[in-house]
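Both counts, for ligands and for their atoms, begin at 1 and track the order of listing.
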Amino acid sequence: MNIIITGASKGIGYETAKEFAKIPNNKIISISRDYKRLLNLKDECKKNNLKSEIYPIKYDFNELNIQEQLLPQILKYFCKIDILINNAGMLIYKPFEETEINEAIQMFNVNFFSASELIRVLLPFFTDDSHKHIINISSMGGFQGSVKFKGLSYYSASKAAIANLTECLSEEYKDKNISFNCLSLGSVQTEMFNKAFPGAKASLNLNETAKFIVEFAINGNKYFNGKVLPVSVSTP
Ligand SMILES: NC(=O)c1ccc[n+]([C@@H]2O[C@H](COP(=O)([O-])OP(=O)(O)OC[C@H]3O[C@@H](n4cnc5c(N)ncnc54)[C@H](OP(=O)(O)O)[C@@H]3O)[C@@H](O)[C@H]2O)c1
């Protein structure tokens, strides 16, 4: 399958790309700002599976010129897309009143507009014979009715926005048989989590979460469309 995963230089995206690369015949485009880390990912994937095909692309989602700058780079590798995982995320942990509008805009750019624009630009490449699963990675903080945390207002609001967009797009594109789903993750031990909650222990295991995302990307669209699914072992 042809897979695109954003935010693959570290954390959940890195591990998820690694898991996809273990499966024969998968081609994976990995995107982030840190090209060196993406090359490390490629090396690690090759160690696990010599035949793995993983194509790193350096891109900053704050730029939001996806049509002009990112699309041509993607099309160098493939023109049919089976799975898109919008995983790139940014969190600035600050009280609401201290968060400057530019910081809020950056979070919305990376967490919401980059994903929405990437979907818009890539929709024509989900062809009749493709697997057609688009997954947006959200957070329990953006899940309606969940426990909320101080210092995460804009981050959580941007994650709520992408969850809602998922529901809307599944309706808007139901005639095209594309499945849009949103995974609202609980805490996972990554750089992002460690920076926001120093010393805290996350409830989800990084590698297990990556395996779950891969399994969900491959099979979840048979059972779910337009769903915002809480992936969390803590309550509520
Ligand atoms: N960890 C958790 O507890 C948790 C919980 C709920 C949801 N999530 C969500 O899961 C996703 C992955 O999070 P993580 O914990 O793995 O975070 P992470 O370790 O901080 O990784 C974030 C990824 O996003 C990329 N990214 C950030 N800003 C970018 C930009 N401007 N342009 C391109 N790429 C950018 C980073 O790449 P570069 O820095 O190389 O650009 C990195 O690959 C995020 O959407 C996050 O909100 C995480």
Q) At a 4.0 Å cut-off, with the gap strictly under it, does some heavy atom of Arg37 reach an atom of ligand 1? A) no
Q. Quick one: nearest non-hydrogen protein atom to atom 25 (C) of ligand 1, plus distance?
A. Gly7 CA, 3.6 Å
Q. Which heavy atom of the protein is the closest neighbour of atom 27 (C) of ligand 1, given with residue, atom name and distance?
A. Gly89 O, 3.3 Å
Q.
Could you go through Lys47 and Glu44, starting from their C-alpha distance and side-chain angles, then the distance that decides it, and tell me whether this counts as salt bridge (charged side-chain N to carboxylate O under 4.0 Å, His left out)?
A. CA-CA 5 Å; Lys47 275 184 210 150; Glu44 217 177 324; over 6 Å; no
(Q) Heavy atom to atom 8 (N) of ligand 1, shortest distance: which of Phe143, Tyr14, Tyr155, Phe193 holds it? (A) Tyr155
(Q) I want to check something: taking the side chain as every heavy atom from C-beta on, are Leu169 and Ile134 in contact at a cut-off of under 4.5 Å? (A) no
Q) For the atom pair CD1 (Ile83) and OG1 (Thr16), what is the distance rounded to the nearest 0.5 Å? A) 11.5 Å
**Q.** Lys159 near ligand 1 by a heavy-atom separation under 4.0 Å
**A.** yes
Q | OG1-CG distance between Thr6 and Asn86, expressed to the nearest 0.5 angstrom | A | 5.0 Å
Q. Are side-chain heavy atoms of Tyr154 and Glu103 found at a separation under 4.5 Å?
A. no
Q: Could you list the atoms of ligand 1 found under 4.0 angstrom from a heavy atom of Tyr59?
A: 32 (N), 33 (C)
Q) For atom 4 (C) of ligand 1, which candidate among Ala17, Ala200, Gly186, Ser139 provides the closest heavy atom? A) Gly186
Q: Answer with side chain, backbone, both or neither: which part of Ser138 has a heavy atom less than 4.0 angstrom from an atom of ligand 1?
A: backbone
Q) Is Met90 in polar range of ligand 1, meaning some N or O pair under 3.5 Å apart? A) no
Q: Supply the atom-to-atom distance Ser170 OG to Asn181 CG, rounded to the nearest 0.5 angstrom.
A: 8.0 Å
Q: Enumerate the atoms of ligand 1 whose separation from the nearest heavy atom of Ala8 is less than 4.0 angstrom.
A: 43 (O)
Q) Given that the side chain starts at C-beta and the backbone is N, CA, C, O, which of these parts of Ser114 lies under 4.0 Å from ligand 1, counting heavy atoms, or is it both or neither? A) neither
**Q.** Atoms of ligand 1, numbered as shown, that sit under 4.0 Å from any heavy atom of Gly11
**A.** 16 (O), 19 (O)
Q.
Students should be able to answer this: which protein heavy-atom is nearest to atom 42 (C) of ligand 1, and at what distance?
A. Ser9 OG, 3.5 Å
Q | Option whose closest heavy atom lies nearest to atom 6 (C) of ligand 1, chosen from Asp34, Leu185, Asn109 | A | Leu185
Q) What is the ring orientation for Phe197 with Phe149, classed by angle as parallel under 30°, tilted 30 to 60°, or perpendicular over 60°? A) perpendicular
(Q) Which residue and atom name correspond to the protein heavy atom nearest atom 41 (O) of ligand 1, and how close is it? (A) Arg33 NE, 2.7 Å
Q) Under 3.5 Å, is there a donor-acceptor pair between the side chain of Lys159 and the main chain of Ile137? A) yes
Q | Contact atoms of ligand 1, heavy-atom distance to Asp60 under 4.0 Å | A | 30 (C), 31 (N), 32 (N)
Q.
How far is atom 15 (O) of ligand 1 from the closest protein heavy atom, and which atom is that?
A. Thr190 OG1, 2.5 Å
Q: Starting from atom 12 (C) of ligand 1, locate the nearest protein heavy atom and write down its residue, its atom name and how far away it is, to 0.1 Å.
A: Asn87 OD1, 3.2 Å
Q) Nearest protein heavy atom to atom 21 (O) of ligand 1, by residue and atom, and its distance? A) Lys10 CG, 3.6 Å
Q | Hydrophobic cluster membership, Phe224 vs Leu183, 4.5 Å side-chain cutoff | A | yes
Q | Whether Ser179 side chain and His133 backbone form a donor-acceptor pair below 3.5 Å | A | no
Q. Evaluating non-hydrogen atoms only, which member of Glu15, Lys195, Met192 is closest to atom 20 (O) of ligand 1?
A. Met192
Q: Identify, by atom number and element, the atoms of ligand 1 in contact range of Ser187, meaning under 4.0 Å from any of its heavy atoms.
A: 3 (O)
Q. So which heavy atom in the protein is nearest atom 3 (O) of ligand 1, and how far is it from that ligand atom?
A. Val188 N, 2.7 Å
Q) Can a donor-acceptor pair be found between the side chains of Lys148 and Ser146 at a distance below 3.5 Å? A) yes
Q: Scan side-chain atoms only and decide if Asn87 and Tyr14 contain a donor-acceptor pair under the 3.5 Å cut-off.
A: no
Q: Examine ligand 1 and decide if any of its atoms is less than 4.0 Å from a heavy atom belonging to Ala202.
A: no
Q) Who's closest to atom 16 (O) of ligand 1 heavy-atom-wise, of Asn86, Leu204, Leu183, Ile12? A) Ile12
Q: Apply the test ring-ring contact (aromatic ring centres under 6.0 Å, His included) to residues Phe125 and Phe78: give CA-CA distance (whole Å), side-chain angles for both, the deciding distance (0.1 Å), then the verdict.
A: CA-CA 9 Å; Phe125 304 97; Phe78 46 73; 9.8 Å; no
Q: Compare all side-chain heavy atoms of Ile92 with those of Tyr155 and state whether any distance is below 4.5 angstrom.
A: no
